[in-house]
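Below is one structure; the comments refer to it alone.
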Amino acid sequence: MADSTAPPVRSFAQAAATEETVVPLRVVQIDGLVVLKIVKHCKECMPALVTGQLLGLDIGSILEVTNCFPFPSRGGEEEDEVEADGANYQLEMMRCLREVNVDNNTVGWYQSTYMGSYQTVELIETFLNYQENIKRCVCIIYDPLRSSQGIVALKALRLTDAFMELYRTENFKGEKLREKNMTWTDIFEEIPVKISNSSLVSAVMTELETDAPATQCDFDRLVLSTNPFMEKNLEFLIECMDDLGMEQQKFQYYYRNLSRQQGQQQAWLQKRRAENMARRASGEEPLPEEDSNNPLFKPIPEPSRLDSYLITNQVNNYCNQINGFAAQSLSKIYLMDALHE
Amino acid sequence: MAGGNTVLHLPSGPTGLVGKLHPTVLFNICDSYIRRNDQQERVIGTLLGSVSADGTVDIRNSYAVPHNESSDQVAVDIDYHRTMFDLHQRVSPKEVIIGWYSTGAGVSGSDALIQEFYGRGEVTNPVHLTVDTSFADERTSIKAYVSTNLTLGDRQLAAQFHEIQLDLRMIEAERIGFDVLKKTMVDKLPNDLEGLEGTIERLHIMIETVFRYVDDVVEGRVAPDNTIGRYLADTMAAVPRVAPDAFDKLFNDGVQDVLLVLYLANLTRTQLTLAEKLNTAAQIV
């Protein structure tokens, strides 16, 4: 492992101590093999969404992803059974891969997505599960649909530390978020992706590269019928907007309830004070102004802002996709124009 | 079984079988070769895929299998091979064992034994894929073989390997782009526009080449070639003929549609930022 390569003067404890000073993760370096494997798995299982595990090494600020293996897609079996089965599968696979000298540290997982709709609570849950065991892990998101447009739609994501802390304490009240100065952009952080290939692969690929000046990728990029993709994007955007509206309503409802409650509390207090005045005047002991048993003073739970944050993120993501895509379409249309003349 | 080790490698014409090799397999083989044990000459592994009715062998996946090799015997880790196959089956049940691969050039003596081992399994005629990773003659050679047994009575004498035609299915690789897969390090994935830019550039160069050729032919500098001429005519015919008015309308409609969507998207984004600002402003008040 990493420690065995350290100079022998340093004891294990020292090595471990230096590990403590965590270098922030800057780059995710993915092997070409991993990219191909992810693409293969995600494409073959389309339209089902699939996941798999990433294996690799964590070196300083670079996280190297050198191999991966797919998870079997879940059938309709019992949940517990599937879980135990999945864990077995994982262990067995890793044992096997270790035997052929593949790095067997888990560094995260990959998953396919449909039009970039990945920002869900499940993703966060999975992240925290992983994070418990592995300090640094990433999630690689691959979008097969977008890739058919001639883009390598690979993204490496992780949760920000601040968000994780907040999520653990389950604190998504408006107050707290403001206090932490946390905005919806602070949930996920995207890490730049680098692709590396071994020299051998590079040599083989150079050898095999076709002489044709245009490749499939070029054809994909020049396809003019962009409407279906755009439509889907807008459709999702509208759906998200609806969801956002629902969330807003929830908050409005909450605030209305809150202000009504406060009004009732005030009224109650005034009544109590007037009563106390009267009691004092007649020489009796005043009643306490606090009454925790009164249902009026029960705090109304504030709805979590997590959902609206996630939806906002999602909306932003769609907007970005549309933007990039529209720019591409415009260039294509103008190209068409030029060609026509 | 002394005769079983003999390899009769007779160069024969392409058999009916055609192998289709996916780039994932190639990458996998290279990776396992790099990660081989110290002092191991070559790596072998199992090929997964499917065989269609017309004899096309689709080689879609692979995994390395540890093995030991001495001068005249080989030991393949059968347990490992079995477990790995079971694991792969659970992910993609359609991919079955179709053969095996090894690195190195051509077929060697012990290959007959391994071939026999794979032949005893699910496939009757396993495909043997060799990838020359040594670059001995400064180019890589990737070959696929099937074998036939030469028997005398009940005694097996030798295995004869026939080379089969091998197609590289590079579509997936092309989709990602050779630029990404060829270099040893790519710092940044091209985004929407950068990719398109490269493509348009290439298109431009191609059109330029055609222009130059046509000019040359017209001015008599190059002897005209009918086949190329026909190709060019076909290409021109492929461009739909749209009346200028209709095209203008089409063009404007397209541009306006895109602009509208763009506007909407930007408006939404502005709203989001505004909401964000209001949220933080509420904190100050």
Side-chain angles (χ1 to χ4, degrees), chain A residues 32-33 35-37 39-40 44 70 72 89 92-93 96 99-102 147 150-152 154 178 183 193-209 213-218 220-222 230 312 315-316 319 322-331 333 335 337 340, chain B residues 23-24 26-28 30-37 64 66 80 83-84 87 90-92 133 135 139-140 168 170-178 180-189 191-193 195-196 199-200 202 205-206 247 251 254-255 258 261-262 265 268-269 272 276 280 283:
Chain A
L33 169 71
V35 178
L36 274 174
K37 271 180 140 179
V39 170
K40 173 179 177 290
E44 267 169 17
Y89 169 83
E92 194 78 346
M93 191 59 132
C96 283
E99 236 168 277
V100 285
N101 306 325
V102 169
S147 295
I151 320 155
V152 194
L154 268 184
R178 253 173 253 139
T183 61
V193 172
K194 269 189 183 181
I195 304 232
S196 71
N197 288 303
S198 60
S199 311
L200 181 61
V201 163
S202 159
V204 171
M205 285 319 277
T206 314
E207 178 78 35
L208 292 178
E209 188 179 15
T215 57
Q216 188 62 39
C217 183
D218 293 333
D220 283 346
R221 279 182 193 147
L222 287 176
M230 204 71 143
T312 318
V315 167
N316 188 42
C319 285
I322 291 176
N323 260 350
F325 203 66
Q328 218 181 349
S329 309
L330 268 182
S331 337
I333 291 175
L335 178 74
D337 188 39
H340 212 80
Chain B
T24 322
L26 219 52
F27 271 69
N28 225 338
C30 289
D31 188 65
S32 59
Y33 181 70
I34 291 168
R35 291 174 187 280
R36 71 192 188 277
N37 285 327
Y80 182 92
T83 10
M84 231 9 198
L87 292 175
R90 288 175 51 181
V91 177
S92 37
T133 42
F135 279 82
R139 51 174 295 121
T140 171
L168 287 169
M170 297 312 267
I171 297 259
E172 283 104 337
E174 284 188 358
R175 281 232 153 90
I176 298 170
F178 277 105
V180 175
L181 296 178
K182 205 168 67 180
K183 297 195 184 109
T184 43
M185 183 64 80
V186 178
D187 284 346
K188 197 172 159 290
L189 286 171
N191 64 12
D192 308 284
L193 282 180
L196 192 67
T199 301
I200 291 179
R202 274 197 287 277
I205 293 170
M206 273 187 271
F247 182 78
F251 175 76
V255 170
V258 174
V261 174
L262 206 59
T268 319
R269 281 225 301 209
L272 288 186
E276 186 59 52
T280 35
Q283 160 196 9

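So that the names make sense, note that chain A is the first sequence line, chain B the second, and so on, each numbered from 1.
- Chain B forms more heavy-atom pairs under 4.5 Å with one residue of Thr312(A), Leu330(A), Val315(A) than with any other, namely Leu330(A).
- For the atom pair Asn28(B) CG and Lys40(A) NZ, the distance stands at 9.5 Å (nearest 0.5 Å).
- Contact annotation for Phe247(B): only side-chain heavy atoms (C-beta onward) come within less than 4.5 Å of a heavy atom of chain A.
- If you take CG on Asn197(A) and CG on Asp31(B), they are separated by 10.5 Å, rounding to the nearest 0.5 Å.
- Distance check: Ile322(A) CD1 to Thr268(B) OG1 gives 7.5 Å after rounding to the nearest 0.5 Å.
- Between Met93(A) and Thr83(B), the closest side-chain pair of non-hydrogen atoms is not below 4.5 Å.
- Rounded to the nearest 0.5 Å, atoms CG (Leu272(B)) and CG (Asn316(A)) are 6.0 Å apart.
- Between Cys319(A) and Ala265(B), the shortest heavy-atom contact is SG-O, 3.4 Å.
- Taken to the nearest 0.5 Å, the CZ atom of Phe27(B) stands 8.0 Å off from the OG atom of Ser198(A).
- Contact detail for Leu262(B) and Ala326(A): the closest heavy-atom pair is CD1-CB, 3.2 Å.
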